[in-house]
Undergrad: 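Attaching a single structure in structure tokens format; questions to follow.
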There are 2 protein chains.
Amino acid sequence: MTDNGNSERPTTRTGRSGRRKRGEGQHTAKERPSTIRDVAAKAGVSVATVSRTLAGNYPVSEEARTRVMAAVESLHYVINVHAKALSGRVAGPVALVIKDITGPSLAHVAAGVEQEAADRGRLSLVCATHDDPAREDALVQLMREQHAAAVLLVGSVVPDEAYKRRMIGYAQALDAAGSRLVLVGRPAPAPDMPVTVVDYDNRGGAFQAVSHLLVSGHRRVLFLGGEAGLSSGDERRAGYRDALRAHGAEHIEELDTTGTYTRASGYVRTRDALRAGLEFSAVFAASDMVALGALAAVREAGLDVPGEVSVVGFDDVPFATDLTPPLTTVRVPYEELGRTAVRLALGRADSPVGDDHVVLGTQLVIRQSVRRVNW
Amino acid sequence: MTDNGNSERPTTRTGRSGRRKRGEGQHTAKERPSTIRDVAAKAGVSVATVSRTLAGNYPVSEEARTRVMAAVESLHYVINVHAKALSGRVAGPVALVIKDITGPSLAHVAAGVEQEAADRGRLSLVCATHDDPAREDALVQLMREQHAAAVLLVGSVVPDEAYKRRMIGYAQALDAAGSRLVLVGRPAPAPDMPVTVVDYDNRGGAFQAVSHLLVSGHRRVLFLGGEAGLSSGDERRAGYRDALRAHGAEHIEELDTTGTYTRASGYVRTRDALRAGLEFSAVFAASDMVALGALAAVREAGLDVPGEVSVVGFDDVPFATDLTPPLTTVRVPYEELGRTAVRLALGRADSPVGDDHVVLGTQLVIRQSVRRVNW
DNA sequence: AGAACAGTGGTAAACGTTTGCCGTTCCCCC
DNA sequence: GGGGGAACGGCAAACGTTTACCACTGTTCT
């Protein structure tokens, strides 16, 4: 209970003038920031006039306006958003809930979100869950308290029953609070939910990538897939298999691997495949981080990329072009994803029934890590 | 007064069947979220009891508590932060004001800030200025309105008079509002200002990097410095010259270049130096992005790294280890920078006069882009 | 037995805005 | 010269909390 002295002054209703030297001045004067009343007093007008001058939505005489502005200036007055939010309307912030901001791709989503939100006069709140569902719960609750206009949940997940139940709960809770749940890069939990989904074409991207490898003459492609069950992982795997089928290439069980989206996992899986003597002339990594690991393992084995092994990644992280060789990969429009998410969530106030489900395209970016092979 | 037509329709008996084209009969009933009063009414107690039950700072009978909790549950009640902030105390958010979130290093600062803020129960607001001073002004003002507990300005600047004046203004304005200005990676505008500064050792890092090159036998080191006037750029340049002097190496004007911290700038400067026939056996790039450009230019000229040209960077971006060759560079503790900034800004409430100026160390990370040369 | 008191719970006054509802003025026009 | 407005400004009622005070119980001491 920090008893900050000056709240207990029940008798001084009008006591703004009582400039008692209450001597609590330890170090900083801890001056109460000035309120609209202080401004009104200084300008010699009523609070209503100050409010109206500042809002500019009501005629105020030139003279009153100048006096108010002068008072605002000299008192360094700033409005109190909390009070403003309590009465008039204040545009709620956009909340970005993310596993970890550090990931190169997630940072781009954040940039897109921030930009679009700022363009619409919204603030952006950023929170990390570190993959903890309990924290996610807490954050959604918190955002409801904050009157966030939209809550964006970003990043791939395992869409099991528990996940669906949680998302449905979030969707309804947020909808009831006048907010909107937006799932970015995650599947919708159920149809007809008050949810906006912004996803990208994992399957198509993987299809393009593997097709590129196949038409370049590769037949045996080591797939470094994501975790089984993970939405993006499964989609990319499906794209890989689609491509194999479409080009009449055999699906070889041992080459179709599963693991996390980490550099380490890519390294280990590639090294082990090499050690085990598995035959393959190309690697399709389900993420650029994984590709990084693969590149390291291949190189460590004394093999040249793309001379002896071709590599394709997924994500198009900013430095993909600076690797050696520059990495051919699938570009995911991360920034656009963030922007679209905000646009959709905030825009639906205007358009009655806008798109609630959008899938952005992905695109293969061909650089130099794939070599054409001839038989 | 959002009079959206159909809310005023007490007797819509027939209206339902008509399949109106207006299509907005959905679940968007726009229900006002429930307040503490609704909870009190439902639980059959007073608002005070509800508030006390939820706050848990006052004895409430077991029975009242259960009833309140049940009501909260069934109404999906969440507290309104604005109202709470207006009366009781609410911990203000931490604001991170940054040029652009996308930069690999800035994302790490953001992660550190978010983590430390979350640990202390604060929300993090992040905003991008895109290097626009006017926007920075606006954001500081906005953060004052938001009652941010701390405002972190991140990133190198040109510390001219205008900059100092602006920072002094911010510092005082924020201090008056009970907030705190924190400069991260930027110099203090003046002594004795209510500002917290968290910086890192640019000069020392550059000194280490160049010393490493010199003791490895290099005598002619091409320096790809930052823009003249930019605080971090000047410091790193000073470190470069310190090292030259300390090791008795000659300072060669043509090798001491200036430019932006971009890949393109690094590329162009290195290429031009090579074309001009400048002699150098090593490059010290003032940032890893610049190093990337240098690497590309060197390679393009058919030179081997580190065989013929050694390269050292600055920043230690996450993928530095994945370049070919893995880049020797100066590690900047970005995440720690963010954490420290928040810790200092928020912690000063406890300790009366904590450190207001901290400089974090930097450290050379030796990988494989430098080769020892013998004469 | 009466007082003092701990344990609860309710009342109502803040907190700083916005804005509906009324007064004033003052001007214009018939 | 009086009626009708427009232009402006003030009062006070929200907005949803927290919390200082007070009231009312039973207990537990004297």
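Residue numbers begin at 1 in each chain, while the letters A, B, ... track the order of the sequences. Keep in mind that this is a model prediction, so the values were computed, not measured.
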Undergrad: Between the protein and nucleotides 10-12 of chain D, list every N/O to N/O distance that falls short of 3.5 Å.
TA:
unit_1 : atom_1 : unit_2  : atom_2 : d
D:dG10 : OP2    : A:Ser46 : N      : 2.8
D:dG10 : OP2    : A:Ser46 : OG     : 2.7
D:dG10 : OP2    : A:Thr49 : OG1    : 2.7
D:dG10 : N7     : A:Arg52 : NH1    : 3.1
D:dG10 : O6     : A:Arg52 : NH1    : 3.0
D:dG10 : O6     : A:Arg52 : NH2    : 2.6

Undergrad: Can you list, in residue-number order, the parts of residues 62-87 of chain B that come under 4.0 Å of DNA chain C, counting heavy atoms only?
TA: B:Ala64, B:Leu86, B:Ser87
Undergrad: Restricting to side chain to side chain contact (heavy atoms under 4.5 Å, CB included), what partner residues turn up for A:Val195, sequence neighbours left out?
TA: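 Side chain to side chain contact (heavy atoms under 4.5 Å, CB included) check on A:Val195 returns A:Ala171, A:Leu181, A:Leu183, A:Met193, A:Val197.
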Undergrad: Is there a side-chain contact between A:Thr35 and A:Val39, using heavy atoms and a 4.5 Å cut-off?
TA: no
Undergrad: Could you note down all residue pairs passing salt bridge (Lys or Arg N to Asp or Glu O under 4.0 Å) where residues 33-50 of chain B supplies at least one of them, sequence neighbours left out?
TA: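 Pairs touching residues 33-50 of chain B that pass the test: B:Arg32-B:Asp38.
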Undergrad: Using rotation axes that map the C1' atoms of four end pairs onto the next four (five pairs an end), what angle separates the end axes of the helix from C:dA1-D:dT30 to C:dC30-D:dG1, to 10°?
TA: 50°
Undergrad: In whole angstrom, give the distance that lies between atom CZ of B:Arg89 and atom P of C:dC15.
TA: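 So the CZ-P distance, B:Arg89 to C:dC15, works out to 12 Å.
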Undergrad: Of the non-hydrogen atoms in B:Leu96 and B:Val113, which two are nearest, and what is the gap between them?
TA: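 Closest pair (atom of B:Leu96, atom of B:Val113, distance): CD1-CG2, 4.2 Å.
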Undergrad: Return the polar atom pairs (N/O with N/O) between nucleotides 5-7 of chain C and the protein under 3.5 Å, or none.
TA:
none

Undergrad: Would you please name every residue forming a side chain to side chain donor-acceptor pair (under 3.5 Å) with A:Glu63, sequence neighbours left out?
TA: A:Arg67
Undergrad: With sequence neighbours excluded, what pairs up with B:Asp132 under the side chain to side chain donor-acceptor pair (under 3.5 Å) test?
TA: none
Undergrad: Using whole Å, report how far CG of B:Leu54 lies from C1' of C:dG9.
TA: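 Checked: the CG to C1' distance equals 16 Å.
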Undergrad: Can you name the residues that form a salt bridge (charged side-chain N to carboxylate O under 4.0 Å, His left out) with A:Asp119, not counting sequence neighbours?
TA: none
Undergrad: Looking at every heavy atom in both B:Val47 and B:Ala40, which two are closest together, and how far apart are they?
TA: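 The answer is N-CB, 3.7 Å.
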Undergrad: Are more than 12 heavy atoms from other residues, nucleotides or ligands located less than 6.0 Å from atom CG of B:Asp192?
TA: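 Not more than 12 within 6.0 Å, no.
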Undergrad: Measure the distance from CD1 on B:Ile36 to C1' on C:dG9 and round it to the nearest whole Å.
TA: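 Computing the B:Ile36:CD1 to C:dG9:C1' distance gives 14 Å.
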Undergrad: Once the angle between the rings of B:His82 and A:His82 is folded into 0 to 90°, is it parallel (under 30°), tilted (30 to 60°) or perpendicular (over 60°)?
TA: tilted
Undergrad: Using OP1 and OP2 only, check whether a side-chain N or O of A:Ser51 sits under 4.0 Å from C:dT18.
TA: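 Yes, within the criterion.
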Undergrad: With a cut-off of less than 4.0 Å, is there a side-chain N or O of A:Asn57 near OP1 or OP2 of C:dT19?
TA: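 A:Asn57 to C:dT19 OP1/OP2: side-chain N or O found under 4.0 Å.
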Undergrad: The criterion is side chain to side chain contact (heavy atoms under 4.5 Å, CB included); which residues satisfy it with A:Ala173, sequence neighbours excluded?
TA: A:Arg144
Undergrad: Using atom types as modelled, flag every donor-acceptor pair under 3.5 Å from a side chain in residues 70-79 of chain B to any protein atom, sequence neighbours excluded.
TA:
unit_1  : atom_1 : unit_2  : atom_2 : d
B:Ser74 : OG     : B:Ala71 : O      : 3.4

Undergrad: My understanding is that only residues two or more places apart in sequence, or in another chain, count here; which of them pass side chain to side chain contact (heavy atoms under 4.5 Å, CB included) with A:Val157?
TA: A:Tyr163, A:Arg186, A:Pro187, A:Ser231
Undergrad: Taking the minimum atom-to-atom distance to the side chain of B:Ser61, which one of D:dT18, C:dT17, C:dG9 wins?
TA: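 Of the options given, the side chain of B:Ser61 lies nearest C:dG9.
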